[in-house]
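Input: a single structure, listed below in structure tokens.
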Amino acid sequence: TSSNPDIASVNSKGLVKFNSKTGTVTIAAREKGGTKSAKRVINVDTNGYSYISKEAVKKDLLDEDENCTIIDLRQRELYKKGHITNTVNAPTLTNAAWDPYNAEKCFLSDQQAAKNLSSVIKNISVPEDPSQKKIVFVCPGGGGGAQNAIRVVRQKNLMGKIEKNNMTKYGQIVILEGGYINFCKK
């Protein structure tokens, strides 16, 4: 047995790396021509949630990447006070302060969250190749709020069948690591 906790495999589409210490999988896709692209790096945790770094999202914004749709899940009031450029707001959270022991009080009802998400999803075009598109969910801290929104999308079948790594016909659903708070840090 190797003492290195990282297991990596490389194929024509890129690198897949598993770190047993952190339980994350890193996927770095290759662009045409075989070069690695930082903007395609996605981490997948052991619960199956996929995360994208703020650096990757900032690169997509600078490149005005049409294959990246960013959905801000925070309350409308917070969204109006400040948000990431080119995002759309689909609130799934209440105004309650985050409480990990009583998380339900922080989420809108599934029915209201589904209504808000549906109003945004209906405007997302279905790409020819969904594997090239990202749907980035942004919550305040990059955890429970976005995970709950993915649960609602799944339960209410808002994006059709959700495959492994949260792949849908619209693209891959990913969570912004550290959420809006981390995105704003320098």
Side-chain angles (χ1 to χ4, degrees), residues 16-19 21-29 37-63 65 67-108 110 112-114 116-117 120-121 124 133-155 158-159 162 164-168 170-186:
V16 176
K17 182 178 176 184
F18 175 70
N19 183 315
K21 285 185 180 176
T22 62
T24 61
V25 176
T26 301
I27 302 165
S37 167
K39 74 179 200 170
R40 303 301 303 162
V41 174
I42 309 275
N43 290 318
V44 182
D45 71 10
T46 54
N47 295 315
Y49 294 106
S50 304
Y51 294 84
I52 188 166
S53 70
K54 72 178 182 181
E55 292 79 16
V57 171
K58 285 180 179 182
K59 182 166 181 9
D60 286 342
L61 290 171
L62 281 174
D63 293 347
D65 189 344
N67 285 319
C68 182
T69 300
I70 305 171
I71 303 174
D72 191 321
L73 306 168
R74 298 173 306 135
Q75 307 87 334
R76 289 201 199 289
E77 299 79 29
L78 289 177
Y79 182 81
K80 287 177 184 174
K81 287 181 182 177
H83 57 271
I84 300 169
T85 306
N86 297 327
T87 59
V88 289
N89 187 224
T92 61
L93 302 166
T94 67
N95 290 323
W98 178 251
D99 179 358
Y101 300 104
N102 189 11
E104 297 79 33
K105 76 175 186 174
C106 301
F107 306 133
L108 292 177
D110 286 0
Q112 185 61 51
N116 293 345
L117 286 164
V120 168
I121 292 168
I124 300 173
K133 183 157 183 158
K134 297 180 292 288
I135 314 288
V136 182
F137 279 10
V138 178
C139 65
Q147 291 171 3
N148 185 62
I150 291 171
R151 181 190 61 76
V152 170
V153 166
R154 237 190 213 113
Q155 283 184 349
L158 301 178
M159 291 184 158
I162 298 182
K164 188 176 180 181
N165 294 333
N166 295 312
M167 185 60 69
T168 73
Y170 295 95
Q172 183 181 19
I173 302 171
V174 295
I175 299 170
L176 176 60
E177 282 180 332
Y180 181 75
I181 294 167
N182 184 53
F183 187 87
C184 293
K185 286 182 183 175
K186 293 190 181 208

Kindly write out the residues that satisfy side chain to side chain contact (heavy atoms under 4.5 Å, CB included) with Gln112, not counting sequence neighbours, or none if the list is empty.
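Gln112: side chain to side chain contact (heavy atoms under 4.5 Å, CB included) contacts with Leu108, Ser109, Lys115, Asn116.
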Contacts under 3.5 angstrom, residues 82-89 side chains, donor-acceptor by atom type, not counting sequence neighbours:
from, atom 1, to, atom 2, distance (Å)
His83, ND1, Tyr79, O, 2.9
Thr87, OG1, Tyr79, OH, 3.3
Thr87, OG1, Ile84, O, 2.8
Asn89, OD1, Arg76, NH1, 3.4
Asn89, ND2, Asp72, O, 3.0
Asn89, ND2, Arg74, O, 3.0

Before you tell me yes or no, could you show the steps for Leu93 and Phe107 under side chain to side chain contact (heavy atoms under 4.5 Å, CB included), namely the whole-Å CA-CA distance, both residues' side-chain angles and the distance that decides it to 0.1 Å?
CA-CA 4 Å; Leu93 302 166; Phe107 306 133; 3.6 Å; yes
Run the side-chain hydrogen bond (donor to acceptor under 3.5 Å, both in side chains) test against Glu104 and tell me which residues pass, sequence neighbours left out.
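None.
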Sorted by first residue and then second, give each side-chain hydrogen bond (donor to acceptor under 3.5 Å, both in side chains) pair with at least one member in residues 139-152; sequence neighbours left out.
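The answer is Tyr51-Gln147, Asp110-Arg151, Asn148-Arg151, Arg151-Gln155.
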Of all pairs that satisfy side-chain hydrogen bond (donor to acceptor under 3.5 Å, both in side chains), the ones with a partner from residues 174-186, not counting sequence neighbours
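Every side-chain hydrogen bond (donor to acceptor under 3.5 Å, both in side chains) pair that includes a residue of residues 174-186, provided the two are not neighbours, is Asn43-Glu177.
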Could you tell me which residues satisfy salt bridge (charged side-chain N to carboxylate O under 4.0 Å, His left out) with Arg154, sequence neighbours excluded, listed by chain and number?
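Partners of Arg154 under the salt bridge (charged side-chain N to carboxylate O under 4.0 Å, His left out) test: none.
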If you round to the nearest 0.5 Å, how far is CZ of Phe183 from OG of Ser53?
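Those atoms lie 10.0 Å apart.
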What's the spacing between Thr92 OG1 and Gln75 CD if we round to 0.5 Å?
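Here the rounded value is 8.5 Å.
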Go through the steps to decide whether Val152 and Leu117 satisfy the test side chain to side chain contact (heavy atoms under 4.5 Å, CB included), and finish with yes or no.
CA-CA 9 Å; Val152 170; Leu117 286 164; 4.2 Å; yes
Taking the six-membered ring of Tyr170 (Phe, Tyr or Trp), confirm whether the NZ or CZ of Lys133 is under 6.0 Å from its centre and within 45° of its axis.
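Not flagged: Lys133 not positioned over aromatic ring of Tyr170.
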Any heavy-atom pair between the side chains of [Y] and [X] that's under 4.5 Å?
X      : Y      : answer
Met159 : Ile173 : yes
Ile52  : Val57  : yes
Tyr49  : Ile150 : yes
Ile135 : Gln172 : no
Asn166 : Val153 : no
Val138 : Ile71  : no

Write down the atom of [X], the atom of [Y], and the distance for their closest heavy-atom approach.
X      : Y      : result
Gly145 : Leu73  : O-CD1, 4.0 Å
Leu176 : Lys54  : CD1-CA, 3.8 Å
Val120 : Ala90  : CG2-CB, 3.6 Å
Cys139 : Ala146 : SG-N, 3.5 Å

If you look only at pairs with a residue in residues 138-147, which of them pass as a salt bridge (charged side-chain N to carboxylate O under 4.0 Å, His left out), with sequence neighbours excluded?
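For residues 138-147: none.
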Could you tell me whether the side chain of Asp65 and the main chain of Asn67 form a donor-acceptor pair under 3.5 Å?
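Side chain of Asp65 to backbone of Asn67: a pair is present.
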Check: Thr94 side chain, Lys105 main-chain N or O, donor-acceptor pair, under 3.5 Å:
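Confirmed, Thr94 side chain pairs with Lys105 backbone.
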Hey, mind stepping through Thr69 and Lys134 against side chain to side chain contact (heavy atoms under 4.5 Å, CB included) and telling me if it holds?
CA-CA 6 Å; Thr69 300; Lys134 297 180 292 288; over 6 Å; no
So Cys68 and Val136, side chain to side chain contact (heavy atoms under 4.5 Å, CB included) or not? Walk me through it.
CA-CA 7 Å; Cys68 182; Val136 182; 3.9 Å; yes
